[in-house]
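See below for the structure under consideration.
Nothing here was measured: the structure is a model prediction, and the numbers come from that model.
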Amino acid sequence: MLAWGNDKSFESIFEEQLKNLMEKGDIVIGLSGSGNSKNVINAIKYANENGALTIGFSGYDGGALLKNAKVNIHVLLSQCKGVRIYT
């Protein structure tokens, strides 16, 4: 995964795995403290477009993950340490 990210892009490392392994109806879980990790968001968007159920765990204001995951667990905390403990 790290070699692929170095050669191509870390923004799509999770999405590329889903392209090879995910099937329609699978459950895809995204975790992002800020809700704005581009690699997580890209994977969630791909999963949504290809028939998966997406679940997002996020903190702060939820960011793009809150808007893109079909099911959300959102912890409204503004300190990174608290978000990491509760998500």
Side-chain angles (χ1 to χ4, degrees):
M1 185 164 69
L2 292 175
W4 191 92
N6 283 333
D7 291 345
K8 297 292 183 179
S9 168
F10 282 101
E11 290 186 359
S12 56
I13 56 173
F14 301 130
E15 178 184 356
E16 289 301 318
Q17 291 179 55
L18 293 177
K19 287 178 180 179
N20 292 305
L21 301 171
M22 191 193 87
E23 296 179 4
K24 186 176 181 179
D26 282 354
I27 297 171
V28 175
I29 299 172
L31 301 151
S32 173
S34 69
N36 291 312
S37 300
K38 192 71 173 165
N39 52 9
V40 174
I41 302 307
N42 288 340
I44 292 293
K45 286 180 177 179
Y46 174 84
N48 284 335
E49 292 167 0
N50 290 279
L53 170 63
T54 55
I55 302 172
F57 290 82
S58 62
Y60 295 93
D61 68 355
L65 185 56
L66 187 65
K67 296 175 181 97
N68 285 283
K70 293 176 184 172
V71 177
N72 285 282
I73 313 281
H74 176 227
V75 179
L76 186 58
L77 291 175
S78 59
Q79 295 180 355
C80 191
K81 180 180 178 183
V83 171
R84 288 185 180 151
I85 290 171
Y86 296 109
T87 57

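- Residues in residues 19-35 take part in these salt bridge (charged side-chain N to carboxylate O under 4.0 Å, His left out) pairs, two or more places apart or across chains: Glu15-Lys19, Glu16-Lys19.
- Residues passing the side-chain contact (heavy atoms from CB on, under 4.5 Å) test with Leu76, sequence neighbours excluded: His74.
- The line from CG of Leu65 to CD1 of Ile55 is 11.0 Å long, rounded to the nearest 0.5 Å.
- For Ala47, the side-chain contact (heavy atoms from CB on, under 4.5 Å) criterion is met by Leu18, Met22, Val28, Ala52, Thr54, not counting sequence neighbours.
- Taking every heavy atom of both residues into account, Ser37 and Ser32 meet most closely at OG-OG, 3.0 Å.
- Take Lys38 and apply the side-chain contact (heavy atoms from CB on, under 4.5 Å) test, not counting sequence neighbours, and it matches Glu11, Asn42.
- To the nearest 0.5 Å, atoms CZ (Phe14) and CG (Leu31) are separated by 9.0 Å.
- If you take CD1 on Ile73 and CZ on Phe57, they are separated by 4.5 Å, rounding to the nearest 0.5 Å.
- Distance check, rounded to the nearest 0.5 Å: CG of Leu66 to CG of Asn72 gives 4.5 Å.
- Annotation: side-chain contact (heavy atoms from CB on, under 4.5 Å) contacts of Asn68 (sequence neighbours excluded): Ile41, Ile44, Lys45, Ala64.
- Legend: residues meeting side chain to side chain donor-acceptor pair (under 3.5 Å) with Lys70, ordered by chain and number and at least two apart, are absent.
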